[in-house]
Structure formats: C-alpha cells, structure tokens
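Remarks on the structure that follows.
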Amino acid sequence: MKKIRYSTKTSMPKSLVVLISGRGSNMQTIHKRTLDGTINAEIKAVLSNNPIAGGLEYARENELASHVINHKEFNNRESFDQQLIDQIDVYEPDYLILAGFMRILTPGFVDHYHGRLINIHPSLLPRHQGLHTHARAIAAGDREHGASVHFVTAELDAGPVIMQAKVLIEAHHTAETLEQAVLKMEHLLYPQAIALLCSDRIKQQQDITVCDGEPLDTPLLLT
Ligand code: GAR
C-alpha cells in the first residue's frame, strides 16, 4: 500500500461547491477544516435538492451561499441536472463535493465535471454499492466496514477510489451503531481526501486515481 506524507499547502486555494440532501454533517466538517486551514479551499456555495435539508440551516448560520433546487419540480433527470449545472457554474468551482447527495446523476452531468466531482460512500467499495450498506455489511457477516471517497463516474458508486477508512464490525453492532461509527470516520476521511485533492496531489486520469503522479493500485487508507 502506498505511504504518503500529508503536506498539503503547496498550491493556490481551491473553490468548492458542496451538494447535500440531508443533515449535512460531512459538509459541516469540511467547512470547519477549510476554516482551520487543513483544507486549502473555500466553500463557495451549498446546494440541496431537498428544501428541508438540515444542512441548509448550518449554511445560513455560517453565511455560506445556499440554493435549493428541488428535483420534484422537474419532469426528468436531464432538466434537473441542467439546472444544477447552471447554478453550480456561477461559482466556477475547482471541485464539486457530493456530501450525502442522494440523487443519481446523469452521464451528461458527470462528464461536465470529469475529474472534479467526488463523493463519499458508506462502504468499502467495491463492496456494498447502493443503499443500506451498514445493515448489508452485518448481514453478509463482514468483519470490517467503512467509507470510501471516490471520483464519480456515470456508473453508480463505481468510480476510482481515492481513500478509505475502516471500522471493525463487532458483535454488539446494529445497523444504527455501525452507521454512527462509520460516520465518525467519514468526518476524518473526507477532509483528508479533499485536502490532498486541493493540494493537487490527487488526480483522476480516465478510470484511475493518480497520487503524486503515480497510479494508485489500492486506495489510500486513513491513518
Ligand atoms: C453519509 O453517511 C454519506 O456517506 C452517505 O450519506 C450520509 C450523509 O450524511 N452517502 C451516501 O450514502 C451516498 N451514496 P451527512 O448528510 O450527515 O453528511
């Protein structure tokens, strides 16, 4: 496994737009890590497809620009995604961060942000793509579970992985307590991965992740 040093202060600050659908705890941690300098970037805006997403309140309280684009007001995915693109591109973000954004994106949208679009998924990809990952990991008898940060491609939860964090599944875990344990790791993992991205150390090249100029054969592991 590749070992890397975590120096991240070598490039110009980047601009981020964050997409959420719910409580936005990952977005909040990312925001805090931009403020303390761990991530060399600024969140330019938070967008939600859900008008009552809890994270919107945090955005307002912290004077982050926020927008709601309600998918229910659109006839099809293409027109919803085009409206998202129109709003996102006002901010000309270097990176678009999906943080609990629970909509499937069209290939057109994904292509538009090729190499600039990342997501966090609550499983050790490629295991457990899709929903209810914690319950499925327990039901499958997995010994470990976790979260993955990956570049987004047109195929759901299948883009090149950047970094993972692992959690041991213990006998006392229920889907709920395992979810809480994984979420705690997500709050360390996502800022770390975004910090590397924003210091130009991580890139997407076609269907692989490149770190410090070399293809990653296995994902980086949160240390
Ligand atoms: C997180 O656990 C994230 O990994 C998951 O949604 C949650 C959002 O929490 N994302 C997905 O399942 C995407 N497939 P948050 O709103 O508190 O950040």
Side-chain angles (χ1 to χ4, degrees), residues 16-34 39 43 45-62 64 66-71 77 81 84 95-106 109-110 113 117-139 142 144-167 169 173-194 197 219-222:
L16 311 176
V17 167
V18 185
L19 268 58
I20 62 169
S21 295
R23 79 196 142 193
S25 70
N26 277 290
M27 175 271 291
Q28 295 177 35
T29 335
I30 293 162
H31 180 236
K32 287 172 187 148
R33 297 292 84 79
T34 61
I39 300 174
I43 295 183
V46 174
L47 267 67
S48 173
N49 64 303
N50 170 11
I52 57 165
L56 287 170
E57 203 177 316
Y58 174 91
R60 285 184 212 112
E61 281 168 1
N62 288 274
L64 293 170
S66 62
H67 304 272
V68 174
I69 300 174
N70 187 344
H71 62 280
R77 287 189 193 279
D81 279 11
L84 275 183
Y95 293 106
L96 187 54
I97 310 292
L98 306 183
F101 185 68
M102 304 307 273
R103 301 295 305 165
I104 292 174
L105 295 162
T106 55
F109 183 97
V110 172
Y113 295 105
L117 178 56
I118 65 166
N119 181 42
I120 189 160
H121 180 76
S123 80
L124 296 173
L125 291 172
R127 278 189 81 67
H128 306 307
Q129 297 162 338
L131 298 174
H132 312 301
T133 60
H134 311 91
R136 284 161 55 211
I138 292 173
D142 292 358
E144 56 182 18
H145 188 45
S148 306
V149 175
H150 65 96
F151 287 106
V152 176
T153 55
E155 201 184 332
L156 186 69
D157 300 330
V161 177
I162 300 168
M163 191 181 262
Q164 293 182 322
K166 294 184 178 178
V167 171
I169 299 182
H173 272 133
T174 62
E176 290 71 32
T177 59
L178 184 58
E179 179 176 358
Q180 285 160 14
V182 170
L183 188 66
K184 218 167 148 186
M185 296 305 282
E186 290 184 34
H187 294 164
L188 302 173
L189 172 71
Y190 215 1
Q192 187 76 265
I194 294 170
L197 198 66
L220 300 170
L221 198 57
L222 181 75

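In this text, all values refer to a predicted model and were calculated from it rather than measured experimentally. Both counts, for ligands and for their atoms, begin at 1 and track the order of listing.
Between the CG atom of Leu189 and the CG atom of Leu183 there is a distance of 11.0 Å, given to the nearest 0.5 Å. Taking CG of Asn62 as the reference point, atom NE2 of His31 lies at 5.5 Å (rounded to 0.5 Å). One finds the CD1 atom of Ile30 at 6.0 Å from the CD1 atom of Ile97 (value rounded to the nearest 0.5 Å). Going from atom NE2 of His128 over to atom OG of Ser148 covers 11.0 Å, rounded to the nearest 0.5 Å.
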Every pair of nitrogen or oxygen atoms between ligand 1 and the protein that is under 3.5 angstrom apart - can you list them with their distances to 0.1 Å?
unit_1: ligand 1; atom_1: 2 (O); unit_2: Glu186; atom_2: OE1; d: 3.2
unit_1: ligand 1; atom_1: 2 (O); unit_2: Glu186; atom_2: OE2; d: 2.9
unit_1: ligand 1; atom_1: 4 (O); unit_2: Glu186; atom_2: OE1; d: 2.8
unit_1: ligand 1; atom_1: 4 (O); unit_2: Glu186; atom_2: OE2; d: 3.2
unit_1: ligand 1; atom_1: 9 (O); unit_2: Arg23; atom_2: NH2; d: 3.2
unit_1: ligand 1; atom_1: 14 (N); unit_2: His121; atom_2: ND1; d: 3.2
unit_1: ligand 1; atom_1: 16 (O); unit_2: Gly24; atom_2: N; d: 2.8
unit_1: ligand 1; atom_1: 17 (O); unit_2: Arg23; atom_2: NE; d: 2.4
unit_1: ligand 1; atom_1: 17 (O); unit_2: Ser25; atom_2: N; d: 2.9
unit_1: ligand 1; atom_1: 17 (O); unit_2: Ser25; atom_2: OG; d: 2.5
unit_1: ligand 1; atom_1: 18 (O); unit_2: Ser25; atom_2: N; d: 3.4
unit_1: ligand 1; atom_1: 18 (O); unit_2: Asn26; atom_2: N; d: 3.0
unit_1: ligand 1; atom_1: 18 (O); unit_2: Asn26; atom_2: ND2; d: 3.0

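Checked by atom type, the side-chain pair Asn49/Ser21 shows a donor-acceptor distance below 3.5 Å.
In this structure His150 satisfies the ring pair (Phe, Tyr, Trp, His ring centres under 6.0 Å) test with no other residue, sequence neighbours excluded.
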